[in-house]
Amino acid sequence: KINSRAPLQRSLRSSQSPPTSSRVFNRQSVLSALTSVQQRLKLYKKTPPNGLIILCGEVGDDTTSRGKERKLLVDFEPFKPVQRSFYVCNSAFHLDPLRELLTSHERYGFVV
């Protein structure tokens with residue numbers, strides 16, 4: 001029996017030690033985010049057909065929480081298949097792969 005969750009778990013396990021970066025991160029925040037992602041993955045019995053996108057990190061909202069950060073965890077199945085996997089520890093969410101999903105590769109023409 002093939003465990004379709006295995007790639008998700010293996011990818012997460014291989015990234016247990018936070019990557020090095022030019023910016024210094026709070027180790028506790030990074031480990032907390034990884035733990036949250038692991039807990040969320042337990043809700044999935046298998047990888048969704050189009051893949052899975054998970055964004056997790058601390059975000060600040062200066063207008064409502066007066067500079068305090070809160071954890072944000074978003075997971076969803078994209079409407080088009082995702083062909084790559086990556087783990088980034090940075091000060092911003094990298095949304096370029098999501099933007100690529102929104103570009104249309106179909107061509108349309110009009111005959112008048």
Side-chain angles (χ1 to χ4, degrees):
K1 181 177 177 183
I2 296 174
N3 181 359
S4 61
R5 274 184 66 193
L8 292 173
Q9 294 169 338
R10 189 172 35 254
S11 173
L12 191 58
R13 255 187 267 122
S14 66
S15 63
Q16 286 301 313
S17 57
T20 57
S21 173
S22 60
R23 181 181 164 151
V24 178
F25 289 96
N26 178 339
R27 182 174 175 80
Q28 185 62 34
S29 296
V30 173
L31 293 175
S32 173
L34 287 171
T35 300
S36 295
V37 169
Q38 285 177 326
Q39 294 300 317
R40 185 61 57 101
L41 285 174
K42 289 180 181 178
L43 300 176
Y44 291 90
K45 293 189 180 0
K46 63 180 185 171
T47 306
N50 288 339
L52 181 64
I53 295 175
I54 300 177
L55 304 170
C56 185
E58 291 188 358
V59 295
D61 185 1
D62 295 331
T63 59
T64 57
S65 59
R66 299 185 184 148
K68 294 182 181 179
E69 293 185 339
R70 63 183 175 86
K71 188 185 303 181
L72 173 69
L73 175 62
V74 178
D75 62 312
F76 62 94
E77 179 185 354
F79 60 93
K80 290 182 183 176
V82 176
Q83 300 300 324
R84 63 178 169 169
S85 170
F86 64 96
Y87 166 70
V88 179
C89 183
N90 205 334
S91 61
F93 292 118
H94 292 266
L95 303 176
D96 290 337
L98 294 178
R99 287 186 188 103
E100 290 173 13
L101 290 176
L102 295 176
T103 59
S104 175
H105 299 289
E106 297 178 19
R107 296 181 185 209
Y108 296 95
F110 294 99
V111 178
V112 182

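All of these numbers come straight from a predicted model, not from anything done at the bench.
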Student: Would you compute the distance between atom CD1 of Ile53 and atom CG of Leu101 and round it to the nearest 0.5 angstrom?
Tutor: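 Here the interatomic distance stands at 5.5 Å.
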Student: Can Leu72 be reached from Leu95 by stepping across I, L, V, M, F, W or Y side chains whose heavy atoms are under 4.5 Å apart?
Tutor: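 Yes, Leu95 and Leu72 fall within the same hydrophobic cluster.
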Student: Distance from Arg40 atom CZ to Thr35 atom OG1, nearest 0.5 Å?
Tutor: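 If I round to the nearest 0.5 Å, the distance is 13.5 Å.
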Student: Do Val59 and Arg70 come close enough that some side-chain heavy atom pair is under 4.5 Å?
Tutor: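 When only atoms from C-beta onward are counted, Arg70 and Val59 do touch, with a gap below 4.5 Å.
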Student: What closest approach, in Å, do Asn50 and Pro78 show between heavy atoms, and which atom pair accounts for it?
Tutor: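 Smallest heavy-atom distance, with atoms named: ND2-O, 3.1 Å.
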Student: Apply side chain to side chain contact (heavy atoms under 4.5 Å, CB included) to Leu73 and Val37, showing your working.
Tutor: CA-CA 8 Å; Leu73 175 62; Val37 169; 4.2 Å; yes
Student: Where do Gly51 and Glu77 come nearest, in terms of heavy atoms and distance?
Tutor: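 For Gly51 versus Glu77, the nearest heavy atoms are O-CG, 3.5 Å.
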Student: Hey, mind stepping through Val74 and Phe93 against side chain to side chain contact (heavy atoms under 4.5 Å, CB included) and telling me if it holds?
Tutor: CA-CA 11 Å; Val74 178; Phe93 292 118; over 6 Å; no
Student: Do you know the tightest heavy-atom contact between Glu58 and Ser29?
Tutor: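 Nearest heavy atoms, Glu58 then Ser29: OE2-OG, 3.1 Å.
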Student: Verify, without hydrogens or angle tests, whether Ser36 (side chain) and Ser32 (backbone) share a donor-acceptor contact under 3.5 angstrom.
Tutor: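 Flag set: sc Ser36 to bb Ser32 pair under 3.5 Å.
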Student: If you measure from CD on Glu100 to CZ on Arg84, what distance do you get to the nearest 0.5 Å?
Tutor: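 Result: 5.0 Å between the selected atoms.
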Student: Does Leu41 form a side chain to side chain contact (heavy atoms under 4.5 Å, CB included) with Ile54? I'd like the steps, not just the answer.
Tutor: CA-CA 9 Å; Leu41 285 174; Ile54 300 177; 3.7 Å; yes
